[in-house]
**Q** 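A single structure is presented below for examination.
Letters A, B, ... mirror the listed sequences (proteins, then strands); counts begin at 1.
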Amino acid sequence: MSESAEKPAVHNFIRNIIDGDNASQKWGGRVATRFPPEPNGYLHYGHAKSICLNFGLARDYGGACHMRFDDTNPEKEEQEYVDSILEAVRWLGFDWGEHQYYASDYFDRLYLFAEYLIEHGLAYVDSQNADQIRARRGNLTEPGQDSPYRNRTPDENLELFRRMKAGEFPDGTHVLRARIDMASPNLNLRDPVIYRIRHAEHHRTGNTWCIYPLYDYTHCISDALERVTHSICTLEFEDHRPLYDWVLDQLQPLIHWHPQQIEFARLNLTYVVLSKRKLIQLVESGTVSGWDDPRLPTLAGARRRGFTAAGFRLFTDRIGVSKSDTWIDMAVLEECMREDLNLAAQRRIAVLDPIRLVLDNYPQEQREECLAPNHPLHSEAGKRPVGLTRELWIEREDYQETPAKGFFRLYPGNRVRLRYAYVIECTGADYDAQGNLLCVHANLLPDTKSGTPGADSVKVKGNIHWLSINEAIEAEVRLYDRLFRVPHPGTSQDFMLDINPESLRVVQARLEPALAQALPEDRYQFERHGYFVADRRDHNPQQPVFNRTVGLKDTWVKTT
RNA sequence: AGGGGAGUCGCCAAGUGGUAAGGCAUCGGAUUUUGAUUCCGACAUUCGCAGGUUCGAUCCCUGCCUCCCCUGCCA
């Protein structure tokens, strides 16, 4: 992979905050961030932005970024997700060193802190059920009403809370609530629930607990216990910041550390959906082949698609970070991948839609080798021989019986260069009775072979790729395109109806023989087509399978 | 409607009381054995709107408009 030149970071509001903190010595020059996913699903492109942001800041400021799982909801979380998340973060090129944590690591302390809150009259056990709590919460304009249990004594609360922990009550019968203000205009401050009873097995703590803390209570304490300095999250948590601060303010005597929560705008990308609910629907409906389908905007899918970690990092730098809710065009991500791949990927030849070309003046038994550079930008990558014979495979779209305006490839009477070989002149084509193109004919112009003194004696505009019929191998090539055909799926109809019916086209292509030796996940540019990757699951030398990562820019199709 | 946020070029995004960075896209032109890449050039008299303060405002003040988020015992 190329080290896409990490250019000097541009200013953004988060860096400004950190610079200010460093100047004032607020944290003694420390910078500690964290990436805190819940292990209840697969990571997607949006997470890549957060990962690159958090780990990138830690790297740039000589700090650390903690990998922490927010695993407080046992019914939804699984080890499988933990594993896939760790793999994805590692794949993106980041290392958390020793700093791998779980909110569940803190269950004991979280519990003790809750008792402290109870003892100080800052939390109480509410015995209303969920509906009753909801009914008394009020709404956007009306204040809530106090729970009838709000004034239980600390002793009473403590006893109840301990019995909750001991498993004496069924799910939903009691909760622990922070005692803040039922009339607050911020709904999050209307005595938020901080513990609930869940007789469920947790993926790490098993059946040790039957009460589990909620996010608002857990996250801030976890940050503080880890001595995080800047707790970066997405915009929808802005309303939660007062609660984050409230909890840590109350616990100040016990924890002595109070990270700053900073919110940024999550990634919105055109032509895909990033909501967990919609991704699940795509997978479960069979619209895509699984969580790592190359069309899915998951990191597992991205990897299988051939996207690169460096491309994602470049993308994150390029789109910046701010608090404005914006949409990034998918073309930006694609261009970042091209930019990385152009430097990193060796070139190879593939004919995706083969049609036969016969060089009528070339002897049947003759064969000669032509040398093709492996990378035009890196001569040290060397050259490889490609065999030229009388009959070749060329791209069907490189021939037009009656050429469109501006078309400068093969048509009767026109000359083009067989890339890395000779200039040829087209003499016509054969068709079957139904008028289908069978094969194209041409004559080779001697003395025009690439690399020989007379090579440029004949000037041509067109330059096409080819493969010897005798030597090319067959392969399955999966041509992936955007999953949706509209920039904002689901705006005018159900998003499932906006699926691009041509998001995957599978073709039986011809490849140069060397490609059979490719290893899964090896990336190449198929010249004049785009970037492709050997499928990490299905590719093998006997049955090569390549996925199109992204096409080359093509100003010709754009003008036609 | 109550609370919390955001509005700077087609898309992102810096910036700041002193006269609008950069990237992507786009459009020209050069190079090119990938209609790719690379290169060179062009690209906001203007910062949501309306007032006000000021010698001077995108930046300060006032009012307005638009968009996003919030009524889980999810995160």
**Q** Tell me if the aromatic rings of A/Tyr531 and A/Phe526 count as close, with their centers under 6.0 Å from one another.
**A** no

**Q** A/Tyr195 near the nucleic acid: base, sugar-phosphate alone, or nothing, with a heavy-atom cut-off under 4.0 Å?
**A** nothing

**Q** Return the value, rounded to whole Å, for the distance between atom CD1 of A/Ile14 and atom P of B/rA13.
**A** 12 Å

**Q** Atom CG of A/Asp317 and atom C1' of B/rA13: how far apart are they, to the nearest Å?
**A** 13 Å

**Q** Please report the distance, rounded to the nearest Å, between CD1 in A/Ile319 and P in B/rA14.
**A** 11 Å

**Q** Are the ring of A/Trp556 and the base ring of B/rG35 both nearer than 5.5 Å at their centres and tilted by less than 30°?
**A** yes

**Q** Within the pair A/Thr555 and B/rA36, is there a side-chain N or O less than 4.0 Å away from OP1 or OP2?
**A** yes

**Q** Check the distance between B/rU32's C1' and A/Asn463's CG and give it to me in whole angstrom.
**A** 10 Å

**Q** With rounding to the closest Å, how many angstrom separate the C1' atoms on B/rU26 and B/rG15?
**A** 25 Å

**Q** Indicate whether OP1 or OP2 belonging to B/rC73 is found under 4.0 Å from a side-chain N or O atom of A/Arg134.
**A** no

**Q** By the 4.0 Å heavy-atom rule, please label A/Gly551 as base, sugar-phosphate, or nothing.
**A** nothing

**Q** Which of residues 259-268 of chain A have a heavy atom under 4.0 Å from RNA chain B?
**A** none

**Q** Could you work out, with salt bridge (Lys or Arg N to Asp or Glu O under 4.0 Å) as the rule, every residue matching A/Arg384, not counting sequence neighbours?
**A** A/Glu512

**Q** Could you give the distance separating B/rU58 and B/rU32 at their C1' atoms, to the nearest angstrom?
**A** 44 Å

**Q** Taking any heavy-atom pair under 4.0 Å as a contact, classify A/Asn139: base, sugar-phosphate, or nothing.
**A** base

**Q** Quick one: the side chain of A/Asp239 and the base of B/rG3, do they pair up donor-acceptor inside 3.5 Å?
**A** yes

**Q** Measuring from the side chain of A/Asp325 (C-beta onward, heavy atoms only), which nucleotide among B/rC69, B/rU71, B/rC68 has the closest atom?
**A** B/rC68

**Q** Other residues, nucleotides and ligands only: do more than 12 of their heavy atoms fall within 6.0 Å of NE2 on A/His11?
**A** no

**Q** Does A/His529 reach a base, just sugar-phosphate, or nothing at all? Heavy atoms under 4.0 Å.
**A** nothing

**Q** Looking only at side-chain atoms of A/Thr141, point me to the closest of B/rC24, B/rG2, B/rA6.
**A** B/rG2

**Q** When you check the side-chain N and O atoms of A/Asp223 and A/Tyr244, is any donor under 3.5 Å from an acceptor?
**A** yes

**Q** Just to confirm, is there a sub-4.0 Å distance from OP1 or OP2 of B/rC73 to any side-chain nitrogen or oxygen of A/Asn73?
**A** no

**Q** How far does the P atom of B/rU66 sit from the matching atom of B/rA57, given to the nearest Å?
**A** 28 Å

**Q** Rounded to whole Å, please give me the gap between CZ in A/Arg277 and P in B/rC74.
**A** 19 Å

**Q** When we call it a touch if two heavy atoms are under 4.0 Å apart, what does A/Val321 touch: a base, just sugar-phosphate, or nothing?
**A** sugar-phosphate

**Q** Counting only side-chain N and O atoms of A/Thr72, is one of them less than 4.0 Å from OP1 or OP2 of B/rA75?
**A** yes

**Q** Can you tell me whether the base of B/rG72 sits syn or anti, using the 90° cut around 0 to define syn?
**A** syn

**Q** Taking the C1' atom in each of B/rC74 and B/rC61, what is the distance between them to the nearest angstrom?
**A** 43 Å

**Q** Is the A/Tyr215 ring parallel, tilted or perpendicular to the A/Phe237 ring (thresholds 30°, 60°)?
**A** tilted

**Q** Using OP1 and OP2 only, check whether a side-chain N or O of A/Arg417 sits under 4.0 Å from B/rU34.
**A** no

**Q** Assess whether one donor atom and one acceptor atom, taken from the side chain of A/Arg409 and the base of B/rG35, lie less than 3.5 Å apart.
**A** yes

**Q** Counting side-chain heavy atoms from C-beta on, which of B/rG4, B/rG23, B/rC74 comes nearest to A/Arg318?
**A** B/rG23

**Q** Touch check for A/Val175, heavy atoms < 4.0 angstrom, all strands: base, sugar-phosphate only, or nothing?
**A** base

**Q** Grab the CG-C1' distance between A/Asn188 and B/rC73 for me, whole Å please.
**A** 14 Å

**Q** B/rU37 base to A/Arg338 side chain: any donor-acceptor pair below 3.5 Å?
**A** no

**Q** Give the ring-plane orientation class for A/His47 versus A/His44, where under 30° counts as parallel, over 60° as perpendicular and anything between as tilted.
**A** tilted

**Q** Provide the distance between the two P atoms, one in B/rG3 and one in B/rU54, to the nearest whole Å.
**A** 32 Å

**Q** A/Phe484 and A/Val272: which non-hydrogen atoms are nearest, and at how many Å?
**A** CD1-CA, 3.8 Å

**Q** Between A/Lys553 and B/rG35, does any side-chain N or O lie under 4.0 Å from OP1 or OP2?
**A** no

**Q** When the distance from CG of A/Asn40 to C1' of B/rA75 is rounded to whole Å, what number comes out?
**A** 7 Å

**Q** Using the P atom on both, measure B/rG28 against B/rU46 and round to a whole Å.
**A** 26 Å

**Q** Ignoring backbone atoms, establish whether A/Arg136 has a side-chain N or O less than 4.0 Å from OP1 or OP2 of B/rU71.
**A** no

**Q** When you measure from the side chain of A/Leu214, which nucleotide among B/rA75, B/rG15, B/rC12 comes out closest?
**A** B/rA75

**Q** Decide if the gap between the ring center of A/Phe312 and the ring center of A/Tyr45 is smaller than 6.0 angstrom.
**A** yes

**Q** If we only count heavy atoms from C-beta on, is the A/Glu38 to A/Tyr81 side-chain gap below 4.5 Å?
**A** no

**Q** For A/Glu527, which contact category applies under a 4.0 Å heavy-atom criterion: base, sugar-phosphate, or nothing?
**A** base

**Q** I'd like the P distance from B/rA50 over to B/rC59, given in whole Å.
**A** 12 Å

**Q** Please give the stem ranges for RNA chain B, sorted by first residue number, where a stem is three or more consecutive Watson-Crick or G-U pairs and both donor-acceptor distances are under 3.5 Å.
**A** B:2-7 with B:65-70, B:10-12 with B:22-24, B:26-30 with B:38-42, B:48-52 with B:60-64

**Q** Parallel, tilted or perpendicular for A/Trp556 and A/Phe407, by the 30°/60° rule?
**A** tilted

**Q** With C1' as the reference atom in both, quote the distance from B/rA14 to B/rA21 in angstrom, rounded to an integer.
**A** 6 Å

**Q** Could you give the CG-to-P distance, from A/Asn12 to B/rC12, as a whole number of Å?
**A** 17 Å

**Q** With sugar-phosphate meaning primed atoms plus P, OP1 and OP2, does A/Pro376 contact a base, only sugar-phosphate, or nothing at under 4.0 Å between heavy atoms?
**A** base

**Q** Is the shortest side-chain N/O distance from A/Ser324 to OP1 or OP2 of B/rC12 below 4.0 Å?
**A** no

**Q** Classify the side chain of A/Arg177 and the base of B/rC73 as holding, or not holding, a donor-acceptor pair under 3.5 Å.
**A** no

